[in-house]
Amino acid sequence: MEINVALFCNLTSDHRIRKSNWPGFSCFSIGAKTRKRIKIESFCCLDLFATRNVRSCVVVRCSSSQENCLRPKPRPKPKPIVEHVDRGSNLDDTYSASPDSSAFFDHIEKLVFFKRYEEALELFEILRSGGNLVAVRASTYDSLVSACIGVGSVREVKTVFQHMIETGFKFDQYMRNRVLGMHLKCGMMVDARHLFDDMPDRNTVSWSIMISGLVEVGSYEEAFNLFFLMWEEVSDASPRMFATIIRATAGLGFILAGRQFHSCVIKMGFYKNIFISCALIDMYSKCGCIEEAQWVFDEMPEKTVVGWNTIIAGYALHGYSEKALDMYYEMCSANVQMDHFTYSIFFRICARLGSLEHAKQAHAGLVRNGFGLDIVANTALVDLYCKWGRMEDARNVFEKMPRRNLLSWNALIGGYGNHGMGIEAVKMYEKMREEGMVPDHVTFLAVLGACNYSGLLDKGREIFEMMSRNPSTKPRAMHYACMIELFGREGLLDEAYALIKNAPFRPTKNMWAALLTACRIHKNLELGKFAAEQLFGLGPEKLSNYIVLLNIYNSSGRVDEAAKVVEALKRRGIRLLPACSWIEIKKQPHKFLFGDKSHPQSLKIYEKLDSLMSEIVERGYVPDWKSLLPDVADHEQKMLTYHSEKLAIAFGIISTLDFTPLQVVQGHRICSDCHTVIKFLTLITKREIIVRDASRFHHFRCGSCSCGDYW
């Protein structure tokens, strides 16, 4: 995209935007209403307005200064009002629908004040249903605009705006801007742009509302163009406007324009503005300039919670999780009051680092600071516990949430699926449907993945066929890949291949990779070779695809073909990185490579591992010399005993109490020999061992694994 930033310097353009006439205008003023809070014996508060035709009374006990031994100030006695409007009652009996009556208007405004938007709009519909157009006063229209924004209903927006036009309502600039904002916040972008273009007069608020609306929906280029048109017409912009357009720069990743905006706000004296500083930090972070983001943060005159959140999120975005963690604790030391977004970001950092102890402390702080019921932070917490195998903790947090959105359900269902608890995942999916939540493609991916990991063929097929029948939930490529892997798991290779052939789109890499993995497990050489050829045509540089094919040839005794695969790897310059595993003990991560002797306790680790290996040999363990690791080098394979995950587990055993569960993280897929060894280790140590490898979670307990030996 090409943007003429030089427009800042050239303010003499003769460009004019087309204007057309709206209905005539006259200013109006809203009379101030005195509101008084009172106590009702039913322990609820009401806002007192004068009403007419009230059929019942409420008993009122005023909380006055008399309770404090002071003489109460004389006040006019308000008329009683109906405490609650029953949706099923006939409101025509309660209110007079005569056009000159203000009772309807008063009550609509009162309902909006108490955020009872749907009731306010229902009352407005009753007003319209009388047959004659009733002119509504400006303050009531203002309340109706708020109600439409509150419910986000396009139908209500059209109804209210049409009534304004039909009754000849005379707009002033304030109401024009309100109506424009109403259309934008309800997603009516085309109508909003027509309204904006037809405005006879536009002030800076009008421009700000329109540009902000475009940025909110991701129309960054259009927002840029509109900003430069505004600069030609108005030759001025508020600090918030600059913050908004800098957000658009971040969305486009246009660092050159971002730096020029940064220079502009410094020249205009806005560089100390909090909103602009936070927008600049976000822009530099998203454009990959984290050092410049840190410089802007350091120069902030007042480091607010938003500023801290933005810089921490910036470090986390670029993989600097340890630095983000340090910034979080620096924020704690600065005594900055955290909000729910702070905790949400921190939980995601802990999920990446696998730091459960830090997360537990933050969970306590979340509750202590009054965010224990916040939906955003709790969803991040559910996701964290799910990613690290603490499914009971995840379920407890989920059950205590007063409200759950689709992300909350998806996180829990996906967590159950990843940990091989497919039946629980399906139960949560069905419960979600019963509670009226509409699943999206992520939900279906989570539940199909759960069926795949747990071998629930019939249930997975049922859900996939249900998706196929519904035009709004047509399966995507990722759903097809799940079903192909599910068929492959059960040995139905012909059905898996048929699913690929009959897909309504071109097969993807994941679909062919799923079939290739199934061919490796079931030793189908010919189909596996065909799948590999198709896969190399789509993604020739992916290492794991070559390794899977190499395993197929090795296990089938096809030495010549295996040698050709190795030569292809050398030709393409693809090298295998050393396998690495981590384990966290007492909040400290410990890293191990294959044959690693750099750890301070390496002597004890090797002694313990040799002892454990001797014990499992007595139990019937036989080394698997044929299996080549999916993601590591051949020379590592020759040291089967000292693979990185075995060293990490041995260190965990000597560093923790008996029966303590262990959790290991590794960046490669676990090899079949280590998989077998860990199953034996759970028998002799009576421990649960969780391994998170590059493909999934493996829960080892009592000599078995949650993956069912299919990974």
Got a second to check how far [X]'s [atom1] is from [Y]'s [atom2], nearest 0.5 Å?
| X | Y | atom1 | atom2 | value |
| --- | --- | --- | --- | --- |
| His363 | Asp393 | NE2 | CG | 8.5 Å |
| Ser611 | Ile654 | OG | CD1 | 11.5 Å |
| Lys646 | Ile605 | NZ | CD1 | 15.0 Å |
| Asp658 | Thr685 | CG | OG1 | 9.0 Å |
| Met327 | Asn309 | CE | CG | 11.0 Å |

Can you confirm whether [X] is buried at [atom1], in the sense that more than 12 heavy atoms of other residues, nucleotides or ligands lie under 6.0 Å from that atom?
| X | atom1 | result |
| --- | --- | --- |
| Ile423 | CD1 | no |
| Lys597 | NZ | no |
| Lys679 | NZ | yes |
| Glu392 | CD | no |
| Phe680 | CZ | yes |

Given side chains that start at C-beta, do those of [X] and [Y] come closer than 4.5 Å, heavy atoms only?
| X | Y | value |
| --- | --- | --- |
| Phe651 | Leu609 | no |
| Leu612 | Ile649 | no |
| Asp383 | Phe347 | no |
| Gln337 | Val305 | no |
| Leu603 | Glu607 | yes |
| Lys400 | Val367 | no |
| Met483 | Asn452 | no |
| Tyr429 | Lys459 | no |

Residues [X] and [Y]: side-chain donor-acceptor under 3.5 angstrom:
| X | Y | result |
| --- | --- | --- |
| Asp298 | Gln294 | yes |
| Asp673 | Thr676 | no |
| Ser285 | Asp282 | no |

N/O donor-acceptor pair under 3.5 Å between [X] side chain and [Y] backbone:
| X | Y | value |
| --- | --- | --- |
| Trp308 | Tyr328 | no |
| Tyr606 | Gly595 | yes |
| Thr682 | Gly703 | yes |
| Arg404 | Trp409 | no |
| His590 | Ala648 | no |
| Ser602 | Ser598 | no |
| His419 | Cys386 | yes |
| Arg348 | Ser344 | yes |
| Asn369 | Phe371 | no |
| Ser644 | Phe594 | no |

Cationic N near anionic O, under 4.0 Å, [X] to [Y]:
| X | Y | answer |
| --- | --- | --- |
| Glu645 | Arg692 | no |
| Glu330 | Lys303 | no |
| Arg461 | Glu490 | no |
| Glu615 | Arg619 | no |

Verdict with supporting geometry, Lys286 and Leu317, side chain to side chain contact (heavy atoms under 4.5 Å, CB included)
CA-CA 8 Å; Lys286 290 180 178 177; Leu317 176 67; 4.2 Å; yes
What are the two closest non-hydrogen atoms of [X] and [Y], and how far apart are they?
| X | Y | answer |
| --- | --- | --- |
| Gly372 | Asn378 | O-ND2, 2.9 Å |
| Leu412 | Met428 | CD2-CE, 3.4 Å |
| Arg489 | Tyr453 | NH2-O, 3.1 Å |
| Phe697 | Ser706 | O-OG, 3.8 Å |
| Cys451 | Leu486 | O-CD1, 3.5 Å |
| Asp610 | Tyr642 | OD1-OH, 3.1 Å |

As a test of understanding, state which of [options] forms a side-chain contact (heavy atoms from CB on, under 4.5 Å) with [X].
| X | options | result |
| --- | --- | --- |
| Ile690 | His698, Arg390, Arg701, Gln663 | Gln663 |
| Met401 | Leu373, Asp374, Thr379, Leu381 | Thr379 |
| Arg520 | Thr517, Asn524, Leu516 | Thr517 |

Asp339 and Thr342: side chain to side chain donor-acceptor pair (under 3.5 Å), yes or no, with the steps?
CA-CA 5 Å; Asp339 61 9; Thr342 312; 2.8 Å; yes
Show, in sequence, the C-alpha distance, side-chain angles and deciding distance for Gln361 and Phe346, and conclude whether the side chain to side chain contact (heavy atoms under 4.5 Å, CB included) test is met.
CA-CA 11 Å; Gln361 291 182 352; Phe346 182 72; over 6 Å; no
In sequence, state the C-alpha distance, the side-chain angles, and the governing distance for Leu445 and His441, and then conclude on side chain to side chain contact (heavy atoms under 4.5 Å, CB included).
CA-CA 6 Å; Leu445 181 64; His441 66 280; over 6 Å; no
Tyr480 and Phe464: aromatic ring centres closer than 6.0 Å?
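Yes, they do, as the ring centres are separated by less than 6.0 Å.
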Evaluation steps, side chain to side chain contact (heavy atoms under 4.5 Å, CB included), between His675 and Asp709:
CA-CA 8 Å; His675 196 270; Asp709 298 334; 3.0 Å; yes
